Amino acid sequence: MSRWAAQLCWSILGTYVAIAVGVWCGLWGQNYDLAGGPKWGGISSDYWLGTNLIGQDIFARSLTSVATALQTGLMVGGLATMAGALAGACAGYWRGRWPDRILLWLMGVIDAIPFVLLAAAIAYALGAQFIAVALAMILTLWVPVARLVRAETQKLRTMPYVESAQIIGVSPVLIILRHILPNTWHLLMAQGLLVMVAALKAEVVLSFLGIGSQASVSWGVMIAESTQEVASGRFNNFLAASIPLFGLVFVLGSLADFFQSRRAGDSRASGPMQA
Amino acid sequence: MSDSILEVRDLTVTLRHRGASGRRLLDAIDFSVAAGEFVGLSGPSGSGKSTLALALLGLIDDGKQASVSGSIELNGGQLLGQPAAQRDGRCIAGIFQDPVAALNPVRTVGSQLREVAQRHLPRGSRQSQVQSALSSLQLPDALLQRYPFQLSGGQCQRIAICMAMVISPAVLIADEPTSALDTLSQQAVMQALDVLRQQGSAIVLISHDRRLIGRWCDRSMVMDAGRLTVNQAVSEGELPGGPKYRKPAASDGNSPVLRCHGVVARHRANGSSKGNRGSAALAGITFELSAGETLAVVGPSGCGKSTLARVLVGLHPASGGRIQWGGALERPSRRQRARMAQLVFQNPALSLSPTKTVMKLIAEPMLLHTTVSRSQVKDEVAKWLARVGLSTELFDRYPHQLSGGQQQRIAIARAICLEPRVLIADEPVAALDDDTRQAALRLLAQIQVQHRMALILISHDLSSVTKVSDRVLVMDAGRVVELGETAGVLAAPSHPLTQALLAADCG
Amino acid sequence: MLEKTNRDGQLLRRVLLATLGMTVLLGCEDRAPEQTPQLKVYRHAMDQATVDLDPAAAATIYSTFVVNNVYDTLFMYKYLARPYALKPNLAATLPEVSADGLSYTIRLRRGVKFIDSPAFDNGQGREVTAADVVYSMMRHFDPATRSQGAWLWQGRIQGLDQWAAAGADYSKSVSGLELVDSHQLRIHLTRPYPQLPYTLANAFSAVVPKEAVDHFGREFSRNPVGSGPFELVSFDTSKAVLRANEGFRSVPVDLAEEGFDPAVHGELGIEAIAGRSPPFVDELEFHFVPESSARWAAFRRGEVDFTLAPNEVLDLTLAQTSPPQMAEELQTDYRMRVATEPAVLFNIFNMDSEGFGQHTDPLQNERQHALRCAIIAGFDWQQHNERFYFDLGEIFPGVIPPDVAEFDPNLSTDSVIRDVDYAKRLLAEHGWTAENLPLLTFGVPGSITQRNIFEQFRSFMLDIGYPRDKVVLQQFATFGDLNRAWKRSELPIINKGWGLDYPDAENILQLFYGPNRTPGSNDGNYQNDQYDLWYEKASVMQPGPERTELYRSMNRLLIDDCAAITGLSRTQVLMWNRRAIAYPDRAMVGGFYLRFVDVVED
């Protein structure tokens, strides 16, 4: 990925963040839930992207959805990556022993349950609320992170600096926290971004199925609303949700690639300087 | 030099730092190499040897990280500016210090060798070429069925040379090809290089070992701070040597700090499956160590010396025998063991956590095991830094910002700040150049005296450790084959292995 | 009956949809029309699969539509008459009611036979007798049956509940189910139950032979043995195929008796069946296609003859909505009927809830009454209808829907006309401010349409001065969860639909009868002594002007008490292929129409 493309990605992401901050600070997108407009109104000076079935401003809803998406993404991405990193590091460090066996079994079980069914089950158990949805996503999305970190930890485990820490008498937990996890940061950054992407996509699917977040609006909600409209040729809601969603997913995915290629780039770059 | 095939003129590599030009890594290098010539290139760490190798191999781009100028001509054709990928491997080939890393771990060496042949040789002659290369390097055919990790370092390196031989490059650049190997393997690798030279390839051998260069090369070049300072033919018998080591004070014969009796350990079985226990790595090791004593442990690769070190510091489980610390203690806790024995690793760059600063690296053991508080720790770290001859300017540096010698000193400081009773150094200087190596050994000796630690020096290189050791322990295949006063062993080696090691060293 | 099958679909249905939708679609395409040409086949598309063909489990229209046509009930609804009216079916005549309203004498038609089945001794269907009717009713009270329909007669028939409590021994007789002779029975009630004949037209009351229940055991639900005009050929998750029962009795159609009105039914070609005896088609197929677009596509390809027009195509289907008219390009192939459902959609206030309900303190009671009335005045039924029901729904005041005979066309419509100013004035006069208005929680099952309904409701409330953070959504994973919350009286508003089990307003008025409070059917815990008095009086009266007047008084009382934001009857757009001669109906009570369907070959 060229520097130019990376900078473009960062600036697009920055725009999303700015929109979200604006929503959080109350600058725009506040009246996303007012049903004052006409049914399926067209584009007008009052409603820049038209209105939906019950007359809500699609533009405002799309803006607020940016904030919802980042909120979901950051929370799920952050927590799932942390959980996955810790679990993966423990499994990798005690490879073949009981923490590893338990975690591998658990990961196998979670992998075997289709995501939507698991999410539906958790939503059933906790009642359809945001926390249930986030929990369902975290519960499934930490697994790939953990698998990767487990493999990386097995590699790092044999590095002299980890053994050196063992000799110095650092406890296993501290070794994982101080000497192993910090050295997987490029991996965690990339994985965190990919988890965010997965969370965004999952949110859309779950909202479509009616188990999404409820207090606010999200692209998933808008796309779910649009399913009946698209059949009769109304695309405002669908496009206003899917284009920014696609943009964000694409940018996050590209940045994840960027971080993944970082490590290889680093060692190559350090070659001539180390001579 | 009319028959020169490689002409390097005014080669300059400048590091770029955020767009601006920074340090010069290579400064107007001029030299040429003739066909079939064996050129040695030496110099201290950071003098630019490896940078030159990378530049010749086309692995440094004239780009955002460095700027490259001057010219590199091979047989009259300009190489500079051509990316490595577009060059033909038959022009300039390279082999590196770590041969295992150069080979694909999941494929047999035979298939990798054949792949090289397929890429570079016409269909008809492939098989015979590979065969002749193997036989000229005296590599048995059986090796081809093996995977890289099933081979020793020397065998891997010779496979790498064999690959180069199949290509028959105009110039082969060998960057420290032997520094990770024991003396016997070293000799085999050097012979292999010489076979390649006899077939017409020019060899550029990069090594910090001037003796090696003196013995094998036609011409010696020395670099310092990015400049070529010496470029002269090697005259027969000329051995560039270094200052002699000061013999440290002898041990004072106190009660032993460490007593090993019949220690047995097994190779770690692949994976963790029970039942499949590995073969024996240590088959009954017995010795004693007194406070303040220096014991040299030598032996060829795979003889078990590293396993012994790992068993002593608790990285590897002993499956039999007894290890007593300070007279009685047999099962030390994590804390106790940390204060009993510490280990300095062979590769300093890998033994320091890359994401920790110097300050944190040295403070970590002290905060864990001593009563030093967080407020005092900075002074303590400064004290230990001073003891290993480093200044407090390095506090906030990361390992990759340090030189190899500095890294090794930090590793030593980290090990000795707990003031362990026994300090074990596993090939502590193998990765360092000559000057740094001597300084490091002097430092170890000095610290040993100051803190009355017992020191175990592990090496494949008899000569480098015997100068400082009180006693020598020679190992082979997990057993002690010879143990005695250094002077006595050197004067009258009783075991054939010791004799062979001595011979390889002097020859 | 509570409408569990609301149009938004439930969560599970959506989940299944994703996986099953494709399979079903493919299943349809696989079905090559290989019927031999002389067979007349009518194919009926349904949006959910029938799972159980045992009459005791016929709780959904998906079951009743099949059950009503393979089995017989004593009475049935007339084909064309609206409001719905009863006529005898298995019974020879309508029942004779004793003067005290406690005894119903019913005579059975003679010569009616069950279809042939291995369940019978010689494999041949035997005659249906009064004993079968008695057995079929007792069966509902046998715990082994797991009947979903016993509530129809619970506590109503002498000795029946006691018989069940004593171990449901079929060799013992029940005093309330008296066999007069082989073709005549008399039902004795514990108290007057004028709705009894309606219950005997319900699919739950379909007459089954004891031999078949015993013979098939658990498999009885897939092996119906009835006396109806059709018999089952095959049945799986995607399709049920019925074939004409050749031994079906001769009952020539009397169009006038069925309620034929040339003004309404004149253009449907129904005259063609006059004087002929059903069934008119050789095969009746039910296609279960849950995914609405797949169903619509199958309909347009001519693979099914009937479908409910899905919401997403209504736009294209209708040229205009009032009066509804089909788009011109569809008229050549299809016919359409916009049918009002005998059901009510309303938002009932929970009278037990903090801030909204009835209060013992008269002053506070007055304030909370005003709050309810203000919320009602703030609700915009017109917009609700436009946005969610394509302007096709029928808005009416009170709770008695237009499809019921007791509907009062002269009732003032003030309570369904929005008046924001009035609402604000009411709130101000009674001291309601943004600070002291109580929290208004709106519970919905998780679906996007339900969300929209909530957001529209919140928007209405904002208009009358409710602060945004006091109108909150509580989402439930399933309709069942929401229903439980209602039954536990946890929500201030019960936003539900109620489909009538029989066309008598009593079925809906009982939802406000005090003693029925939660966990009974009175979800709003409405309590008004006058109302209860009237209800008790009306509930034992035979139909007539006096009872109608009582019903209407109760309805007005509900409006005056601001007991609910009400009401709307949804409409369904039914579409069928012109080759079918039919007057389709998709209501709970309407499944009998399939007996009268004919198909003309082009």
Side-chain angles (χ1 to χ4, degrees), chain A residues 2-4 6-7 91-101 104 150 152-189 262-275, chain B residues 13 15 23 25-26 45-55 59-60 64-66 175 271-274 310 313-315 333-339 341-356 360-361 364-365 368-369 399-400 403-404 411 414-415 417-418 420 424:
Chain A
S2 74
R3 175 168 297 247
W4 181 82
Q7 272 169 357
Y93 190 86
W94 286 291
R95 183 185 156 203
R97 300 214 251 141
W98 63 266
D100 187 32
R101 273 188 255 150
L104 277 183
R150 177 175 177 269
E152 184 73 8
T153 303
Q154 282 178 22
K155 201 181 93 191
L156 295 183
R157 176 92 169 71
T158 61
M159 292 297 280
Y161 64 80
V162 173
E163 296 189 327
S164 145
Q166 272 178 284
I167 296 168
I168 277 168
V170 184
S171 69
V173 174
L174 281 183
I175 289 181
I176 288 172
L177 291 179
R178 282 191 197 158
H179 297 280
I180 291 182
L181 286 182
N183 288 304
T184 58
W185 75 271
H186 60 278
L187 210 71
L188 295 182
M189 284 301 288
R262 258 303 265 279
R263 179 168 52 148
D266 269 354
S267 66
R268 211 183 302 132
S270 64
M273 286 176 273
Q274 289 287 310
Chain B
V13 174
L15 202 60
R23 197 151 66 90
L25 298 176
L26 293 182
S45 299
S47 60
K49 305 188 296 286
S50 294
T51 309
L52 180 57
L54 292 169
L59 293 176
I60 300 178
K64 55 191 175 216
Q65 286 179 332
D175 189 357
S272 61
S273 51
K274 289 175 244 161
R310 296 170 65 82
V313 295
L315 285 178
S333 68
R334 197 162 58 212
R335 284 179 91 82
Q336 287 167 331
R337 193 195 294 272
R339 314 221 42 176
Q342 283 295 326
L343 177 66
V344 177
F345 287 83
Q346 170 173 1
N347 190 334
L350 295 180
S351 64
L352 301 174
S353 228
T355 50
K356 297 276 178 288
K360 280 187 180 160
L361 283 167
E364 184 178 37
L368 271 175
H369 293 302
H400 67 88
S403 74
R414 195 167 137 88
C417 69
L418 288 178
I424 305 164

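Keep in mind the model is a prediction, meaning the values are calculated, not measured. Residue numbers begin at 1 in each chain, while the letters A, B, ... track the order of the sequences. Any value given below was found using the heavy atoms of this structure, including those in side chains, with hydrogens, waters and symmetry copies removed.
- To the nearest 0.5 Å, the span separating CE on A:M159 from NE2 on A:H179 amounts to 13.0 Å.
- Looking at residues two or more places apart in sequence or on another chain, you find a salt bridge (charged side-chain N to carboxylate O under 4.0 Å, His left out) between A:D100 and A:R150.
- Scanning both residues, A:I167 and B:A341, for their nearest heavy atoms gives CG2-O, 4.0 Å.
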Under the side chain to side chain contact (heavy atoms under 4.5 Å, CB included) rule, what do A:R178 and B:S353 come out as? Steps first, then yes or no, please. CA-CA 9 Å; A:R178 282 191 197 158; B:S353 228; over 6 Å; no
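- Taking chain A as the reference chain and counting heavy-atom pairs below 4.5 Å, the highest number among B:K356, B:Q336, B:E364, B:K360 is found for B:E364.
- Of the listed residues (B:G314, B:A411, B:P354), the one with the most heavy-atom contacts under 4.5 Å to chain A is B:P354.
- At a 4.5 Å heavy-atom cutoff, the contact between B:L350 and chain A is made by backbone and side-chain atoms alike.
- Using a 4.5 Å cut-off between heavy atoms, A:L156 makes no contact with chain B at all.
- B:R339 does not touch chain A: none of its heavy atoms, backbone or side chain, sits under 4.5 Å away.
- A salt bridge links A:E163 and B:R310; the closest N-O separation between the charged side-chain nitrogens and carboxylate oxygens is under 4.0 Å.
- If you measure heavy-atom distances from B:L368 to chain A, the contacts under 4.5 Å come from the side chain alone.
- Per-residue counts of heavy-atom pairs under 4.5 Å with chain A were compared for B:A415, B:A338, B:P420; the largest is that of B:A338.
- The two residues A:I175 and A:Q166 have their closest heavy-atom pair at CD1-CG, 3.5 Å.
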